[in-house]
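Single-structure report; data block below.
Values reported hereafter were calculated over all heavy atoms of this structure, with side chains retained and with hydrogens, waters and symmetry mates removed. These numbers come from a predicted model, not from an experiment. Whatever order the structure lists ligands and atoms in, that order sets their numbers, starting from 1. By convention here, the first residue in the shown sequence is residue 1.
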Amino acid sequence: MRTPFISANWKMNKTVDETVTFFKEFIPLVNDAKDVDIVIAPPFTSLQAAASIIKGTNISLAAQNVHFQEKGAYTGEISPVMLSEIGCSFVIIGHSERRQYFFETDEMVNKKIQTARKYGLDVIVCVGESLQEREAGKTFEVLKRQVVSGLKDIPSDSLVIAYEPIWAIGTGKTATTEQAQEAHNFIRDQLSALYPEASKEIRILYGGSVTPDNIDALMACPDVDGALVGGASLKAESFAKIVNFKRSL
Ligand code: PEP
């Protein structure tokens, strides 16, 4: 049985003040949420404030990125040691915006996962195809490459994968439940080749224009185990509705 996993990715949004305001409204709305892992990834500057305000709640903290070295001359970068110390349990690695705007490769993603794991951070590894790749019939080829290269020599424990079709991110164009299930099922097949036993336990999240209106249908797909939510996670009320999605019987 895979516990549902709902994560916010705030990207480059919210000051410290706005972060505190969000949590004051959000915490009471999800206090009673059971059998769901709730994770929030604020920008680096808000991690400290978020860490103190979520203490004792059912919410965990994620960073949106990490460097693959533990320390050194990497101006502007943040190491996994720093993230663990500040109270992060997770880190998002390989988000398509990092791949696209900051030229992160599968090899870099793999190195980041290795270092993050070494310092006790669990990882949410993002994979997903562009519209051009989908239209060229290359979706499975891209997903296979990202999964196989990204997870090379990585143990399976506490791994979370996020399938985020790039054409659905921030566009309001969600994948249909059929498209999501097909991709998730394909990813699970790739995982079972890497981790024959553990693949059934690995959570695969869907990301791409998730809202309170489409979460129930997505979560009803057999291989969709949660969501990585951008835009709709910025408002406490809408993200709480996603966390409190309706379970299908
Ligand atoms: C994301 O960036 O991870 C994301 C899924 O964004 P949105 O929900 O806004 O599409």
Side-chain angles (χ1 to χ4, degrees), residues 4-14 18-19 22 26 36-44 46-47 50 59-66 88-104 109 112-113 116 122-131 133-134 139 142-143 146-147 150 159-177 179-181 183-184 187 203-219 221 223-245:
F5 187 110
I6 307 285
S7 178
N9 173 17
W10 285 356
K11 312 190 185 192
M12 198 171 70
N13 292 294
K14 291 199 192 294
E18 289 165 345
T19 298
F22 173 94
F26 181 68
V36 55
D37 288 334
I38 310 169
V39 177
I40 301 218
F44 288 130
S46 285
L47 285 174
I59 302 165
S60 304
L61 202 55
Q64 298 173 17
N65 183 30
V66 67
C88 285
S89 315
F90 294 90
V91 58
I92 299 172
I93 295 182
H95 192 281
S96 61
E97 287 153 15
R98 301 249 15 124
R99 295 179 190 257
Q100 189 181 347
Y101 305 133
F102 302 98
F103 313 109
E104 285 190 9
V109 166
K112 287 182 176 207
I113 300 172
D122 290 337
V123 292
I124 303 168
V125 183
C126 301
V127 298
E129 81 288 358
S130 65
L131 185 58
E133 289 162 340
R134 175 163 280 266
T139 298
V142 171
L143 294 179
Q146 290 176 336
V147 169
L159 208 52
V160 177
I161 309 292
Y163 168 61
E164 299 209 304
I166 298 169
W167 46 272
I169 297 180
T171 57
K173 201 173 163 196
T174 323
T176 63
T177 48
Q179 287 170 324
Q181 172 56 27
H184 282 230
I187 292 168
R203 268 99 49 104
I204 308 176
L205 320 181
Y206 169 80
S209 299
V210 172
T211 66
D213 294 332
N214 57 31
I215 186 69
D216 297 348
L218 286 162
M219 290 302 288
C221 298
D223 284 294
V224 175
D225 308 313
L228 183 54
V229 187
S233 73
L234 293 170
K235 293 223 162 67
E237 201 189 340
S238 84
F239 190 54
K241 281 186 184 154
I242 294 173
V243 167
N244 294 318
F245 70 93

Which atoms from ligand 1 have a heavy atom of Leu228 less than 4.0 Å away?
-> 3 (O), 5 (C)
Shortest heavy-atom approach to atom 3 (O) of ligand 1 - which of Lys173, Lys11, Glu97, Glu164 | Glu164
Give the numbers and elements of all ligand 1 atoms closer than 4.0 Å to a heavy atom of Gly208.
-> 5 (C), 10 (O)
Leu47 to Ala62 - nearest heavy-atom pair and separation = CD2-O, 3.7 Å
Mind checking whether Asn9 contacts ligand 1 via backbone (N, CA, C, O), side chain (CB onward), both or neither, at a 4.0 Å heavy-atom cut-off?
-> side chain
Worked verdict on Arg99 versus Glu104 for salt bridge (Lys or Arg N to Asp or Glu O under 4.0 Å) = CA-CA 4 Å; Arg99 295 179 190 257; Glu104 285 190 9; over 6 Å; no
Tyr101 side-chain N/O to Phe103 backbone N/O, donor-acceptor pair under 3.5 Å | no
On the 0 to 90° scale, with breaks at 30° and 60°, tag the Phe26-Phe239 ring pair as parallel, tilted or perpendicular.
-> parallel
Just jot down the ligand 1 atoms closer than 4.0 angstrom to any heavy atom of Gly170, in number order.
-> 7 (P), 9 (O), 10 (O)
Element-labelled atoms of ligand 1 that are located less than 4.0 Å from some non-hydrogen atom of Gly231 = 7 (P), 8 (O), 9 (O)
For the side-chain contact (heavy atoms from CB on, under 4.5 Å) test, which of Val229, Leu228, Ile38 pairs with Ser7?
-> Leu228
Contact atoms of ligand 1, heavy-atom distance to Ala168 under 4.0 Å | 10 (O)
Could you tell me which non-hydrogen atom of Thr19 sits nearest to which non-hydrogen atom of Ala50, and how far apart they are?
-> CG2-CB, 4.2 Å
In the protein, which heavy atom is nearest to atom 8 (O) of ligand 1, and how far is it?
-> Gly230 N, 2.8 Å
Check for a donor-acceptor pair, side chain of Ser209 on one end and backbone N or O of Ala168 on the other, with a separation under 3.5 Å.
-> yes
Return the residue, atom name and 0.1 Å-rounded distance of the protein heavy atom closest to atom 1 (C) of ligand 1.
-> His95 NE2, 3.3 Å
